[in-house]
2 protein chains.
Amino acid sequence: MKEIETFLEDKKVRPTAMRVLIYKYMAEKEIAVALADIENAFTKADRTTLYRTLKTFEKNGIVHQIDDGTGITKYALCDKGCNCEIEQDLHLHFHCLNCNETVCLTKHKIPHINLPEGYLAEDVNLVVKGICEKCSGQ
Amino acid sequence: MKEIETFLEDKKVRPTAMRVLIYKYMAEKEIAVALADIENAFTKADRTTLYRTLKTFEKNGIVHQIDDGTGITKYALCDKGCNCEIEQDLHLHFHCLNCNETVCLTKHKIPHINLPEGYLAEDVNLVVKGICEKCSGQ
DNA sequence: CCAATAAATGCACTTCCATTGCACTTTTTA
DNA sequence: TAAAAAGTGCAATGGAAGTGCATTTATTGG
């Protein structure tokens, strides 16, 4: 708990009770979470607070946003060295069509993409859909 | 015009006037189009018709849907050999942050992605964002 | 310690786009 | 040519993201 507080402070985010809880929640879950998930977990808190907390976390490099193609924005904690901004550091995301969960495959960097002459890449989004190990093992 | 009709018939889609026009419109544009684009081009037709036309086209392998991360669903004509379903055939999409246009880079197949043990890939979505050749050349 | 200020939170509302239900029209077919 | 099917148009719904403003809570300088 204390560690979370100091962690947030390091990231220049004031560690309010709500923020610590949300961080804790996301750290315990190992999958990417949607705003609605957090809403369900913290029914006493207002949607807006949760929403803005995520935006604050995002702005300060605590979480990154994931577009997994479901149309629902997901968020996941950044790894220690996760430089979401740097192209080379981008990892891919896996969305399971069975359990509907999305995970960061942090170890799997996106391979270099060759583009035609004249195209300049600034950002890459790679989502693989299929069956995750949890679901395929059953 | 006649070719479009027979083409649609080949795809088991009844070539109504509207459908032929929409197909023609998409063929002339070389970029992926949003429903709103088509709406603007065909102000006399109803949104729903255009929407359902795209869905019909999609179901019959005439167009494929593109999620370029803008939150707006785009559609593009499939190439002759575009087997949208087959993983190996998936091409990548490029979204220009300047002109906001999205194109299929049909020639650029998605490289094989190595996944951890237990993960089964069924579909891959790869979107590169940056500056397109039209915009970078200026 | 207290007042002034800034940050965080909650509520209500808006916007935007995708999607659907139902009625009406046009086309197909038996 | 009548019945059925497919296509089209209008209106409404739904879900999620985002915003304005008032209120509460925390911070800080005197």
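Below, chain A is the first sequence line, B the second, and so on; all start at residue 1.
The distance from atom CZ of Phe42(A) to atom P of dT9(C) is 12 Å, rounded to the nearest whole Å. Between the P atom of dC17(C) and the NZ atom of Lys74(B) lies a distance of 11 Å, rounded to the nearest Å. Regarding Leu54(A), its CG atom lies at a distance of 14 Å from the P atom of dA8(C), rounded to whole Å. Straight-line distance from the CD atom of Gln65(B) to the C1' atom of dA18(C): 10 Å, rounded to whole Å. Rounded to whole angstrom, the span from the CG atom of Leu50(A) across to the C1' atom of dC11(C) amounts to 14 Å. Distance Leu8(B) CG to dT27(C) P: 16 Å, rounded to the nearest Å. Here the P atom of nucleotide dT26(C) and the CE atom of Met18(B) are 15 Å apart, to the nearest Å. Taking atom CG on Asp46(B) and atom P on dT19(C), their separation rounds to 16 Å, with Å as the unit.
Looking at His93(B) and His91(B), their side chains do bring a donor and an acceptor atom within 3.5 Å of each other.
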(message) Determine whether Arg14(B) and Glu9(B) satisfy the following criterion, salt bridge (charged side-chain N to carboxylate O under 4.0 Å, His left out), listing intermediate values before the conclusion.
(response) CA-CA 6 Å; Arg14(B) 299 227 296 241; Glu9(B) 276 165 358; over 6 Å; no
(request) Could you go through the ring pair (Phe, Tyr, Trp, His ring centres under 6.0 Å) check for Tyr119(A) and Phe94(B) one step at a time? (result) CA-CA 9 Å; Tyr119(A) 284 83; Phe94(B) 186 91; 4.8 Å; yes
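Think of the region where chain A sits on DNA chain D: with heavy atoms and a 4.0 Å cut, that region ends 5' and 3' at dA16(D) to dT27(D).
Within the structure, a side-chain polar atom (N or O) of Lys55(B) is placed less than 4.0 Å from OP1 or OP2 of dT19(C). Of the side-chain N and O atoms in Tyr51(B), one or more sit less than 4.0 angstrom from OP1 or OP2 of dT19(C). Regarding contacts with the backbone of dT20(C), every side-chain N or O of Thr48(B) stays at 4.0 angstrom or more from both OP1 and OP2.
Distance OG1/Thr56(A) to NZ/Lys12(A): 15.5 Å, rounded to 0.5 Å.
Contact annotation for Arg19(B): backbone-only contact, meaning every heavy-atom pair under 4.0 Å involves sugar-phosphate atoms and none involves a base. Using a 4.0 Å heavy-atom distance criterion, Arg52(A) is classed as a base contact. Residue Thr73(A) is classed as a sugar-phosphate contact, given heavy-atom separations below 4.0 Å to backbone atoms only.
For Arg47(A), the salt bridge (Lys or Arg N to Asp or Glu O under 4.0 Å) criterion is met by no residue, not counting sequence neighbours.
Taking for each of Lys44(B) and Arg14(B) the nucleotide of DNA chain D with the nearest heavy atom, the 5'-most of the two is the partner of Arg14(B).
Contact annotation: the side chain of Leu54(B) approaches that of Met26(B) to within less than 4.5 Å [non-hydrogen atoms, C-beta and beyond].
Below 30°, between 30° and 60°, or above 60°: for Tyr23(A) and Phe7(A) the angle between ring planes is between 30° and 60°, a tilted geometry.
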